[in-house]
Number of protein chains: 8
Amino acid sequence: MHWTVYLSGEIHTDWRERMRAGAERRDLAVRFTGPVTDHGASDDCGAAILGSEDKAFWHDRKGAGINAIRTRTLIGRADVVVVRFGTQYKQWNAAFDAGYAAALGKPLVVLHDPELTHALKEVDAAALAVAERPEQIVDVLRYVIEGRLP
Amino acid sequence: MHWTVYLSGEIHTDWRERMRAGAERRDLAVRFTGPVTDHGASDDCGAAILGSEDKAFWHDRKGAGINAIRTRTLIGRADVVVVRFGTQYKQWNAAFDAGYAAALGKPLVVLHDPELTHALKEVDAAALAVAERPEQIVDVLRYVIEGRLP
Amino acid sequence: MHWTVYLSGEIHTDWRERMRAGAERRDLAVRFTGPVTDHGASDDCGAAILGSEDKAFWHDRKGAGINAIRTRTLIGRADVVVVRFGTQYKQWNAAFDAGYAAALGKPLVVLHDPELTHALKEVDAAALAVAERPEQIVDVLRYVIEGRLP
Amino acid sequence: MHWTVYLSGEIHTDWRERMRAGAERRDLAVRFTGPVTDHGASDDCGAAILGSEDKAFWHDRKGAGINAIRTRTLIGRADVVVVRFGTQYKQWNAAFDAGYAAALGKPLVVLHDPELTHALKEVDAAALAVAERPEQIVDVLRYVIEGRLP
Amino acid sequence: MHWTVYLSGEIHTDWRERMRAGAERRDLAVRFTGPVTDHGASDDCGAAILGSEDKAFWHDRKGAGINAIRTRTLIGRADVVVVRFGTQYKQWNAAFDAGYAAALGKPLVVLHDPELTHALKEVDAAALAVAERPEQIVDVLRYVIEGRLP
Amino acid sequence: MHWTVYLSGEIHTDWRERMRAGAERRDLAVRFTGPVTDHGASDDCGAAILGSEDKAFWHDRKGAGINAIRTRTLIGRADVVVVRFGTQYKQWNAAFDAGYAAALGKPLVVLHDPELTHALKEVDAAALAVAERPEQIVDVLRYVIEGRLP
Amino acid sequence: MHWTVYLSGEIHTDWRERMRAGAERRDLAVRFTGPVTDHGASDDCGAAILGSEDKAFWHDRKGAGINAIRTRTLIGRADVVVVRFGTQYKQWNAAFDAGYAAALGKPLVVLHDPELTHALKEVDAAALAVAERPEQIVDVLRYVIEGRLP
Amino acid sequence: MHWTVYLSGEIHTDWRERMRAGAERRDLAVRFTGPVTDHGASDDCGAAILGSEDKAFWHDRKGAGINAIRTRTLIGRADVVVVRFGTQYKQWNAAFDAGYAAALGKPLVVLHDPELTHALKEVDAAALAVAERPEQIVDVLRYVIEGRLP
């Protein structure tokens, strides 16, 4: 019995890699999914596949629609949704995913630096765990799956 | 992890074959499903199996009931629903499937020629992607599954 | 206890008026709702309110989005959904509404001329009643609400 | 038949007042709801009612929990959810509400300046209308409720 | 706050009248709903309104479709569903309603003579109360609504 | 991709065997499930496992509870629910299962002799196919799964 | 717009009265519901209405079934569910209600003395607010409904 | 086709082992899941992984949140939920799980000594089977899966 864990949010640091590495080291029965993390591809997929647009608004809309096919399907399939907030950028899509997952009743885990605590209080309050480092979430998953403490 | 993609709509052109060929060429982790596309069988299945009817209305009803066992089950199982509208025929069943999929929250992709844009505006507005050629949808699926642009 | 009945589909004949008149004559405890039936307003609402678009596709998309706020909400609130198909135009939005209502489990009533029977067989098969004249549907509603035959 | 419209997001400008004024001027059958917009009360309600906390994290958690009783209930009751993003602050709770509403299938309307278009593209793609000024949303509601263009 | 109670099943004895009388005598805040209990009208409504059929099967189908508009809607709105089984007739529609209500999570109350106990064991096992006389169910409703014993 | 088909109802004739034989002969990708069809075991399982009861009512209740663990779970997992009505016995559990499956939105197929048509009209009206012989349902399943007529 | 608040749990202290008094004093737009709090009636309703039982187990079952008609219906209608745990008795029905409400997605508020914190940690973790005195919950409701701090 | 059975409740006796042993002896197609039963780990997981807390309340909250990731996910995946109540401790989490499972529509089996009957009457009334010894539940599962009596 595998656990499917969706990794949403920040794409400019190596937190996904650290989680993958940690899970592998502990040989966890976990399968990670997530959005397309190639920033350029994610921005341009709509125009590249379905045709270019003059207005930035529709260029973005086309891309966001295609990305939503992936993200909503994979969030819907996930057992656990982890959302990472970095200190840079707006990251509204991360908060959107958190709200989306919460409304679906998915167990939510949030990952961010302590300095973001106040700004993220509504998101954190919807979470079953709030961590500061990816390795903590690997430990959470290990405990959840195997019942073992670090 | 496979993606199941239901292909609804037009049965008189080769768009399903083009999608199958495209997906195979790119070795996508995708499984296509769809209605019975043998027009005669689809029309007559009710009478052929459950007994003939004098009135066309009940002849059609019997067949449509049996077809619905297949179509609703497969749409319910699908990760993505693609609906193709051609320029011929009424194709109300295609639009019905689109509405059905939308209400279930299935990601919807619509395929049609630009000349049908106005007539299909409500259907398109419920879609996450609108394409003109089957190959574009193969590219959409490839991006969605593998994160790669064409 | 009122019944809310959503009237979807054809906007170029007087079927809605005939239903309203019939329901009034019999003093039915029914409230009719439906889409905006002013064709021009329905087409242009997006551009008129949110700003014009160069491309017809996005012009239509903007309008269809706003119309969907109304139609999906009112279908969601309806006790019964009636869908009328005329012999003109594609009317894919009518079939879309029928599929949408069916997936929500709403009792569906379809209204069309006998000549459309074959083209509408999948839609009819999802309906609890298929009528040819609006007055018949008034009689259906009267029976459903009051238990009285015509 | 009233429409209930939840107004989420930015609390430091007068957009809610402008919407209320616009709706009143047009005598719309609309009832607005929303979060507690008194910033201080919203931050401190947990500690003020349930007892103070030493750590900011738990101070925030207590308050966010109580606020969630209100926001989730009112979003759940709403016919339409409007989310406003300003150019200041993180506003992750606004994006969270948008995702929450989207997953519940609530019609979503987003309000923001054009300069935020790219950052909000996933949120906008989930919306049925995107506006720049509150008065446009009043016009959207008027059209949706009464079928009249501005 | 009223309670809506749907009364399904047997139409050839006076159990509905006895429940109505009992509820009135105790002035219960209850509203009873139910199927059309005029046997002839219930059988013929389809043909009478939508046109006659040569085959009994389709004659019945048309009527059953129209009756389902009423019964499914009212069961869906009910707070409590009471199903009465008499010793005569098959009454499969009563058992169908019981299963339908159970799957919707509606509190189910069953009313029948002790001699039917074995034949109804699956239905009874899905019920929250099983009574032998209508007056007992009035007492159940009185207790449920007002907290008072007989 | 297998289809799971639940076979509910009559346990005193060989219709299940005929369906199994037919499906095997045609090598259908189908898996049949159903209730425990050993009449004695089905009646006594509660008392035999959980302890005997003096009253027949509670004896039946205990057994029906345990049987419900099986039947509700398997109906919930089924793609298609077939319900067979014989001419003997009350078979209220069969009609209960039909209503239960209908409320879950499961495609329903009903099997019975023509003489039961009138008594079963509400059940038939909820079905997507009504057959008289098990072999017809095998043909329905074959068409639904493989698209081939008999 | 009223808020409906279900008060579950302990029936041997005056916490419900204190909440009612507090809400009245502040004139809150709130309607309280709850189980039957007459202990004797609650225990005996089954036997008193549906007939006595020799075994205590079935005596209890009959009563619990009738009480469930009330409690599940009112919890299902509630906007907020408050559960009170006292220091006496097992109160498993209170914890059952809390789990039931949590699974339905109802905002949960828990009321108990600090000494019960450890024993109630799973229940508290599912709550949006945990209070020690009924007056605090009145304050929570006042803030939630009116946005005002104590 | 395996059955997944979640074992909730008491962690200080060997009932889970007895169930596992019984199921193995009979070679049942069953997979047991459950909470982490290491009492210390279960209490401390939050602090051990996410950082210690000064207040017992938040120490407990952190741990309960992480445990909920496991328990809610596994209950959601279970075909059957078994809840065991012992005569010691409050075991409110067991009753919470029972209510949670009931609201999800999961078949519920309860295991306890006869002396707890009265205190557990609401929980028992929501169950499809109530047993006194783990071996009885193994027999229930065997009957449910294989149709065989002990």
Side-chain angles (χ1 to χ4, degrees), chain B residues 8-9 35 42-43 45-46 55-72 75-76 81 83 85-106 108 110 112 114-127 130 132, chain C residues 8-9 35 42-43 45-46 55-72 75-76 81 83 85-106 108 110 112 114-127 130 132:
Chain B
S8 169
S42 166
D43 273 5
C45 62
K55 292 193 183 179
F57 183 83
W58 298 118
H59 175 96
D60 281 341
R61 167 65 56 95
K62 271 182 160 174
I66 294 180
N67 280 302
I69 298 175
R70 177 179 174 114
T71 57
R72 290 187 205 166
I75 290 176
V81 173
V83 186
F85 291 86
T87 49
Q88 286 188 302
Y89 306 104
K90 295 288 189 186
Q91 304 171 89
W92 282 322
N93 59 331
F96 181 89
D97 283 357
Y100 194 88
L104 295 182
K106 301 283 172 185
L108 185 67
V110 183
H112 62 80
E115 66 190 275
L116 297 179
T117 288
H118 188 62
L120 281 167
K121 67 188 202 295
E122 286 85 4
V123 178
D124 284 355
V130 179
E132 297 177 14
Chain C
S8 169
S42 165
D43 273 5
C45 61
K55 292 194 182 178
F57 183 84
W58 297 118
H59 175 95
D60 282 339
R61 168 64 57 97
K62 272 182 161 176
I66 293 180
N67 280 303
I69 298 176
R70 177 180 174 112
T71 57
R72 290 187 205 166
I75 290 177
V81 174
V83 186
F85 292 86
T87 48
Q88 286 188 302
Y89 306 105
K90 295 289 192 187
Q91 303 171 89
W92 282 322
N93 58 333
F96 181 88
D97 283 356
Y100 194 87
L104 295 182
K106 300 283 174 188
L108 184 68
V110 182
H112 62 80
E115 67 190 275
L116 297 179
T117 288
H118 188 62
L120 280 167
K121 67 187 203 293
E122 286 86 4
V123 178
D124 284 355
V130 179
E132 298 179 14

- prompt: For the candidates C/Thr71, C/Leu104, C/Leu120, C/Asn67, which exhibits the highest count of non-hydrogen atom pairs separated by less than 4.5 Å from chain B?
  reply: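 Of the options given, most contacts go to C/Leu120.
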- request: Using a cut-off of under 4.5 Å on heavy-atom pairs, state which of C/Lys90, C/His59, C/His118, C/Gln91 scores highest against chain B.
  value: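 Of the candidates given, the most pairs with chain B belong to C/His118.
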query: Any donor-acceptor pair under 3.5 Å linking the side chain of B/Lys106 with the backbone of B/Gly76?
result: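 Yes.
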task: Identify which part of B/Ala126 has an atom lying under 4.5 Å from any heavy atom of chain C, answering side chain, backbone, both or neither.
output: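 Its backbone and side chain both get close to chain C.
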- prompt: Side chain, backbone, both or neither: which part of B/Ala98 has a heavy atom under 4.5 Å from chain C?
  reply: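 Both backbone and side chain.
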query: Between B/Leu116, B/Asn93, B/Ile75, which shows the greatest number of heavy-atom pairs under 4.5 Å with chain C?
result: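 Heavy-atom pair counts peak at B/Asn93.
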[X] versus chain B, heavy atoms under 4.5 Å apart: side chain, backbone, both or neither?
| X | answer |
| --- | --- |
| C/Ala94 | neither |
| C/Ala119 | both |
| C/Asp97 | neither |
| C/Tyr89 | backbone |

task: Evaluate the side-chain proximity of C/Arg61 to B/Val130: yes if any heavy-atom separation is below 4.5 Å, no if none is.
output: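 A side-chain contact under 4.5 Å exists here.
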field: With sequence neighbours excluded, residues passing salt bridge (charged side-chain N to carboxylate O under 4.0 Å, His left out) with B/Lys55
entry: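 Here the qualifying residues are E/Glu53.
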